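Chain letters run A, B, ... following the sequence lines, proteins first, then strands; residues in each count from 1. Because the structure is a prediction, the values reported are computed rather than measured. In what follows, every heavy atom counts, from backbone to side chain, and hydrogens, waters and symmetry copies are set aside.
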Amino acid sequence: MADLNIKIKNLELKNPVLTASGTFGYGEEFEDFIDINKLGGIIVKGTTLEPRQGNPYPRMAETASGMLNAVGLQNKGVDVFINDIYPKIKKYNTNVIVNVSGSNIKEYVKTAEKINHLDKIPAIELNISCPNVKQGGMAFGTNAKSAAEVTKAVREVYKKTLIVKLSPNVTDITEIAKAVEAEGADSVSLINTLLGMAVDVNTQRPLLSTVTGGLSGPCVKPVALRMVWQVFNAVKIPVIGLGGIMNANDAIEFILAGATAIQIGTANFIDPQISIKIIKGIEKYLSERNISSINDLIGGLKMESA
Amino acid sequence: MADLNIKIKNLELKNPVLTASGTFGYGEEFEDFIDINKLGGIIVKGTTLEPRQGNPYPRMAETASGMLNAVGLQNKGVDVFINDIYPKIKKYNTNVIVNVSGSNIKEYVKTAEKINHLDKIPAIELNISCPNVKQGGMAFGTNAKSAAEVTKAVREVYKKTLIVKLSPNVTDITEIAKAVEAEGADSVSLINTLLGMAVDVNTQRPLLSTVTGGLSGPCVKPVALRMVWQVFNAVKIPVIGLGGIMNANDAIEFILAGATAIQIGTANFIDPQISIKIIKGIEKYLSERNISSINDLIGGLKMESA
Amino acid sequence: MTTKKQIQDFIVLNNKKINSDYFELELKAPVKLPEIFPAQFIEIHIENAKDTFLRRPISIHDIDYDKNTITLLIQIKGEGTKTLSKIEKDASLNIIYPLGNSFSIPDKKEKVLLVGGGCGSAPLLFLAKYLFNKNIIPYILIGGKSENDILKIENFGEYGNVFITTEDGSLGFKGIVTEHPLLKKEVEKHNISKIYTCGPEPMMKAIAKIANKNNIACEASLENMMACGIGACLCCVVETTSGNQRVCCDGPVFDVKNLKGWE
Amino acid sequence: MTTKKQIQDFIVLNNKKINSDYFELELKAPVKLPEIFPAQFIEIHIENAKDTFLRRPISIHDIDYDKNTITLLIQIKGEGTKTLSKIEKDASLNIIYPLGNSFSIPDKKEKVLLVGGGCGSAPLLFLAKYLFNKNIIPYILIGGKSENDILKIENFGEYGNVFITTEDGSLGFKGIVTEHPLLKKEVEKHNISKIYTCGPEPMMKAIAKIANKNNIACEASLENMMACGIGACLCCVVETTSGNQRVCCDGPVFDVKNLKGWE
Ligand SMILES: Cc1cc2nc3c(=O)[nH]c(=O)nc-3n(C[C@H](O)[C@H](O)[C@H](O)COP(=O)(O)OP(=O)(O)OC[C@H]3O[C@@H](n4cnc5c(N)ncnc54)[C@H](O)[C@@H]3O)c2cc1C
Ligand SMILES: Cc1cc2nc3c(=O)[nH]c(=O)nc-3n(C[C@H](O)[C@H](O)[C@H](O)COP(=O)(O)OP(=O)(O)OC[C@H]3O[C@@H](n4cnc5c(N)ncnc54)[C@H](O)[C@@H]3O)c2cc1C
Ligand SMILES: Cc1cc2nc3c(=O)[nH]c(=O)nc-3n(C[C@H](O)[C@H](O)[C@H](O)COP(=O)(O)O)c2cc1C
Ligand SMILES: Cc1cc2nc3c(=O)[nH]c(=O)nc-3n(C[C@H](O)[C@H](O)[C@H](O)COP(=O)(O)O)c2cc1C
Ligand code: FES
Ligand code: FES
């Protein structure tokens with residue numbers, strides 16, 4: 001059987017399949033459907049220093065092969081996470097990674113610092129790309145300088161594996177990737193959602209309370225894949241790819257384009273068992289081609305003409 | 001019956017429905033299916049100073065609710081356009097608009113200058129957003145300074161209505177829109193295609209000869225709509241909206257978000273009669289709501305909460 | 001409810017057209033059904049329906065433990081429900097179930113009123129039957145725009161005392177539910193100790209207002225745009241006195257006293 | 001061909017499974033069919049097929065002017081063709097037709113050879129019939145991986161002299177078409193003045209090589225990724241001696257001498 005183990009700095013994954021922040025709750029919501037321990041890891045909902053109520057309803061609209069969300073980082077804050085949620089989920093025999101967000105650098109740093117003390121959290125994913133909050137979030141991720149600043153500040157306090165999650169809403173994503181790499185990010189994950197909008201022609205109102213929201217699902221896959229390939233060719237740290245992955249073939253496209261690991265987001269809503277199916281599908285793909293390790297596939301896109 | 005007439009600077013359209021460059025040939029290809037004269041206008045394929053062969057095959061890949069293309073501005077050059085094509089299409093009793101592209105400012109200017117002399121071409125659309133050419137194209141459209149420069153240079157020689165077509169592959173599209181407005185653009189059209197990519201997992205090769213290509217179709221609509229709304233709120237000149245419009249409701253979403261006119265692109269491939277159907281659909285929408293003129297709908301998105 | 005959630009392919013046993021807008025699907029479960037409670041719902045995956053990317057939430061309208069089937073009562077709204085309305089016998093449908101909490105069941109001596117409209121009848125008929133089986137005979141007030149929206153009246157009739165309103169007067173009392181004399185007579189006389197409601201939000205809010213004014217307990221089963229249906233995405237929230245709560249798993253049933261803007 | 005292109009809903013008269021990979025659709029036109037020529041194709045809109053956004057180009061395999069029907073021979077490749085394979089009688093299919101140029105028709109005294117593989121048989125059977133009706137009896141060489149890919153041999157037999165190759169030897173000569181003795185015997189002896197080919201590109205290229213070497217005219221019907229099918233998008237180009245040309249309207253048939261990389 002093919003070897004699916006990969007490593008991202010000190011983070012060891014039994015397979016390259018993670019679940020994306022905001023789409024998998026705290027894992028518990030999926031316990032009825034799959035064995036969480038079989039995943040490479042789970043990335044829990046965006047966590048901030050203080051509790052947040054998120055945006056008003058309506059927060060979701062369906063689009064062609066995708067959806068818009070305007071959840072806006074609703075979460076109970078890092079302290080509740082540490083005291084109430086962490087004790088319940090630290091039992092998982094897989095990597096539990098916390099997605100960290102903030103309105104300013106101080107908030108990012110304080111939150112990361114608190115999580116740094118949690119034994120069973122081997123990594124954080126710095127969310128500098130949330131399009132659904134007024135302050136911070138995407139503002140950090142669409143500017144190389146501020147992306148570098150927040151990464152640098154968090155790097156000083158956070159000692160374990162630091163993943164920075166990039167926004168696709170930029171002219172040149174390689175510039176941002178290189179900036180956070182230079183400040184000590186161990187890995188970059190991409191993409192977060194594309195900023196989009198939808199209108200109800202009957203009411204003549206926006207379908208989201210916030211007018212614009214984050215677009216995800218298969219509709220964004222071509223853009224995500226392109227960015228993963230660009231970033232893979234621009235940085236030395238491992239790239240984690242996501243955006244519209246619905247099946248094993250999609251995952252393999254990302255791995256061929258340069259992703260060391262991949263995340264499953266919106267697909268979890270369509271099929272709560274999809275993450276496990278994708279692990280099996282990747283295994284099958286490798287076996288059928290006698291590829292002994294997933295590592296041999298990463299960035300393996302053949303570029304010479306046929 | 002509702003009044004569908006709109007005006008963009010000196011350009012008068014009998015209705016707000018145009019066909020998008022590169023998706024409607026020179027109109028002739030659709031003559032078997034519709035009466036071209038019923039359209040608000042047609043925008044012909046990207047035209048350059050010299051003839052271009054475009055990119056190698058394969059140039060197209062299907063994606064979820066969309067497609068990638070890597071045509072790369074294949075065209076016979078502006079002189080052949082003027083001598084061979086223009087005489088055939090100037091008969092149309094509608095606005096024939098030429099989409100102009102170039103590798104450098106000089107080429108844009110020379111091409112625009114030549115087209116300025118054509119009586120029956122009331123406007124050009126400056127394509128500073130083609131993702132499928134190595135030089136020029138999108139490079140101009142992803143930077144406010146160069147977008148301004150090329151607009152300024154063309155404005156000096158081009159006396160009729162000047163539309164500038166913007167690229168969505170940018171951090172802040174309002175910045176580019178404002179820059180070209182400041183240099184005398186009479187209108188902006190958006191969006192051109194999003195840069196995307198697709199991989200064949202069987203051959204492990206990119207599906208396009210150029211690796212990356214332009215994404216279009218309903219998958220991009222949420223992004224396009226958001227950008228139209230942002231630009232509408234940022235500039236005073238009329239905005240022309242496009243990106244994934246497949247039916248009249250989609251068109252109305254763009255108009256509500258601020259588009260004075262809209263363009264039909266990829267939808268022409270699915271249904272060569274769609275442009276006419278959309279005109280009828282808009283008419284019906286207005287009639288049913290007793291809206292006497294399309295102008296009353298432009299930017300009419302209701303923002304107060306219900 | 002702490003019933004384990006399942007994902008399974010159900011088989012279509014019957015697809016019955018009620019009228020041009022509504023139809024009923026009877027689906028056979030592949031395994032023994034767990035106990036299901038009124039207001040719980042399922043998430044259906046509708047394959048090959050245009051523009052239908054996400055699953056669709058539909059209430060459980062009836063359940064037959066002997067036949068091992070559930071029945072759904074569905075209104076055709078868009079592409080998803082239109083495609084479902086054409087599904088043929090023996091086709092299979094992928095379903096996640098059972099989801100959500102349920103109406104609370106009163107004790108025997110209480111007099112309760114069910115108020116519904118349109119496809120709000122779906123969970124209410126299940127509730128009426130459930131109450132009836134517990135020897136509680138509810139008042140049932142069903143409203144709609146016209147006759148077409150008044151569904152399964154005979155069935156409701158088996159389980160309680162039915163009152164009907166239509167806006168166009170084509171059936172029953174002419175007007176909207178809140179204008180029906182029953183509300184005046186029974187509610188305001190405090191004969192009713194609890195109201196259950198499901199239907200369009202403005203209707204439910206109006207009912208809640210009457211209940212609050214008369215100090216009657218009131219539970220509403222809400223709808224919302226749902227992406228996951230299992231509590232993971234936080235898309236489907238409603239504002240409550242204890243913050244934003246998820247309609248899909250903290251609801252769909254809420255005590256209206258806890259809903260902000262429902263005072 | 002300057003036949004006016006049309007867009008219409010055709011009705012499925014018959015959907016016949018040939019084997020696990022191939023099926024045949026007979027479609028009735030809503031208006032009198034115009035004259036259609038071998039190698040012309042249609043663009044089908046496949047509704048409600050997963051991941052099938054664009055139309056699908058399919059060659060016209062047969063035409064019956066009396067019944068006013070066209071027949072398609074289709075190989076199941078992905079979601080689009082899979083969905084088509086399940087389409088039921090009386091369903092309607094939206095179709096743009098007729099598209100593309102056609103094979104050139106030789107004069108009576110010529111001896112011609114048709115070489116096809118897999119669904120390349122689709123336009124070739126139409127061509128064979130067309131030639132037969134003009135009193136030209138072609139040689140026909142059909143190749144495939146195995147028996148399963150050798151389609152409609154009896155029909156081909158009605159119109160010409162049929163030779164078969166399969167890579168696994170399950171039917172006819174064991175090997176690939178270019179190894180078949182017929183090519184040596186007839187082609188290299190210059191008994192054949194023209195070859196028509198349709199099938200996988202490597203096969204067609206190999207045939208073109210043999211034709212070029214022996215100075216025999218050769219026409220190939222190409223495939224390409226198509227978005228519009230009507231010459232508007234420039235997606236489907238092939239490199240020719242006179243620049244990039246569109247397979248959908250300058251082709252699908254090209255003289256192989258004009259194709260770059262086919263020397
Ligand atoms: C808990 C719950 C129980 C429901 N029970 C029933 C029922 O028993 N019978 C019934 O007919 N309907 C029920 N609905 C409503 C039903 O889910 C929608 O009518 C259906 O999703 C519409 O899908 P569509 O593709 O036909 O229409 P679309 O074109 O997608 O939408 C039409 C309208 O339906 C609403 N809608 C669409 N998707 C959703 C969604 N995911 N969640 C909520 N609303 C949506 C929107 O307001 C939209 O404007 C229920 C909804 C919820 C949340
Ligand atoms: C002029 C022409 C005539 C054709 N005639 C026939 C015929 O008579 N019978 C037949 O079985 N097939 C024919 N084909 C091929 C047929 O179009 C494809 O097999 C079909 O589009 C696959 O669609 P799908 O959704 O099943 O598979 P997909 O999953 O979309 O694709 C499977 C493979 O088919 C090819 N393909 C997909 N879409 C297109 C497209 N738009 N154009 C060209 N290739 C594509 C790709 O290489 C892809 O890898 C013809 C193609 C062309 C261009
Ligand atoms: C409902 C929803 C909530 C999300 N919340 C977060 C979040 O809290 N933090 C974050 O970094 N990304 C969040 N995302 C983005 C996803 O993690 C992912 O980057 C994006 O959805 C693209 O992947 P997909 O197409 O596979 O869903 C959210 C996405 C969705 C759909
Ligand atoms: C095949 C193809 C060719 C195109 N060629 C051009 C072009 O020459 N010039 C241009 O400005 N845009 C070109 N475009 C972009 C379209 O005009 C349009 O901006 C884009 O497709 C988004 O709209 P849509 O989603 O409605 O197709 C092309 C698009 C396609 C699909
Ligand atoms: S729909 Fe996802 S939390 Fe309710
Ligand atoms: S498919 Fe569009 S030009 Fe051929």
Side-chain angles (χ1 to χ4, degrees), chain B residues 19-34 42 44-46 51-76 132 198 200 207-209 213-214 216-219 244 246 265-274, chain D residues 1-9 34 43-47 49-57 77-80 94-99 201 222-251 254 259-262:
Chain B
T19 54
S21 177
T23 68
F24 205 69
Y26 293 99
E28 302 172 301
E29 293 81 354
F30 288 80
E31 280 183 8
D32 282 355
F33 303 105
I34 57 169
I42 68 174
V44 303
K45 178 70 193 163
R52 295 203 188 181
Q53 279 298 319
N55 293 314
Y57 162 79
R59 288 181 172 185
M60 194 278 277
E62 201 179 31
T63 65
S65 296
M67 60 175 277
L68 287 163
N69 90 81
V71 171
L73 294 181
Q74 176 177 340
N75 80 101
K76 301 203 161 101
N132 291 324
D200 182 332
L207 278 167
L208 297 176
S209 67
S216 64
C219 57
M246 300 299 286
T266 305
N268 292 307
F269 306 156
I270 315 296
D271 180 357
Q273 301 175 320
I274 194 67
Chain D
M1 306 303 114
T2 51
T3 321
K4 191 175 155 133
K5 294 180 207 87
Q6 313 190 44
I7 178 167
Q8 276 151 17
D9 289 330
E43 283 271 7
I44 310 191
H45 188 235
I46 309 173
E47 262 186 293
K50 214 165 66 186
D51 302 331
T52 302
F53 172 64
L54 297 164
R55 287 174 180 265
R56 294 294 188 263
K77 279 259 190 92
E79 290 294 337
N94 188 266
I95 280 174
I96 303 180
Y97 75 105
L99 304 174
E201 196 170 296
L222 306 188
E223 288 196 8
N224 205 319
M225 295 305 289
M226 294 183 179
C228 74
I230 60 172
C233 74
L234 307 185
C235 284
C236 66
V237 296
V238 61
E239 219 184 332
T240 73
T241 48
S242 42
N244 280 330
Q245 294 212 302
R246 297 163 298 184
V247 171
C248 73
C249 58
D250 301 318
F254 291 89
L259 293 174
K260 284 224 180 149
W262 287 59

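The two residues Cys233(D) and Phe269(B) come nearest to each other via the heavy atoms CB-CZ, 3.4 Å. When every heavy atom of Cys235(D) is checked against every heavy atom of Arg59(B), the shortest pair comes out as O-CB, 3.4 Å.
The side chain to side chain contact (heavy atoms under 4.5 Å, CB included) test with Met60(B) is passed by exactly one of Leu234(D), Asn224(D), Leu54(D): Leu54(D).
Comparing Asp51(D), Asn94(D), Thr52(D), Ile230(D) by how many heavy-atom pairs each has under 4.5 Å with chain B, the most go to Ile230(D). Taking chain D as the reference chain and counting heavy-atom pairs below 4.5 Å, the highest number among Pro58(B), Gly217(B), Ser65(B) is found for Ser65(B). Put simply, of Arg55(D), Lys50(D), His45(D), the one with the most heavy-atom pairs under 4.5 Å next to chain B is Arg55(D). Taking chain D as the reference chain and counting heavy-atom pairs below 4.5 Å, the highest number among Ala64(B), Pro218(B), Ala61(B), Pro51(B) is found for Pro218(B).
Proximity to chain B at a heavy-atom threshold of 4.5 Å picks out Val237(D), Gly243(D), Asn244(D), Arg246(D) from residues 237-246 of chain D, in numerical order.
With rounding to the nearest 0.5 Å, the separation of CD1 in Ile7(D) from CD1 in Ile34(B) is 11.0 Å. A distance of 6.0 Å separates CZ in Phe30(B) from SG in Cys228(D), rounded to the nearest 0.5 Å.
Two residues are said to be in side-chain contact when any heavy atoms from C-beta on lie closer than 4.5 Å; Val247(D) and Tyr57(B) fail this criterion.
Electrostatic pairing of Arg56(D) and Glu62(B) counts as a salt bridge here, judged by a charged N lying under 4.0 Å from a carboxylate O.
Looking at Phe24(B), only its backbone comes within 4.5 Å of chain D, counting heavy atoms on both sides. Only the backbone of Gln6(D) comes within contact range of chain B, judged by heavy atoms closer than 4.5 Å. In this structure, the portion of Gln273(B) lying under 4.5 Å from any heavy atom of chain D is its side chain and not its backbone.
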Criterion side chain to side chain contact (heavy atoms under 4.5 Å, CB included) on Phe53(D) and Thr266(B), from CA distance to verdict: CA-CA 10 Å; Phe53(D) 172 64; Thr266(B) 305; 3.6 Å; yes
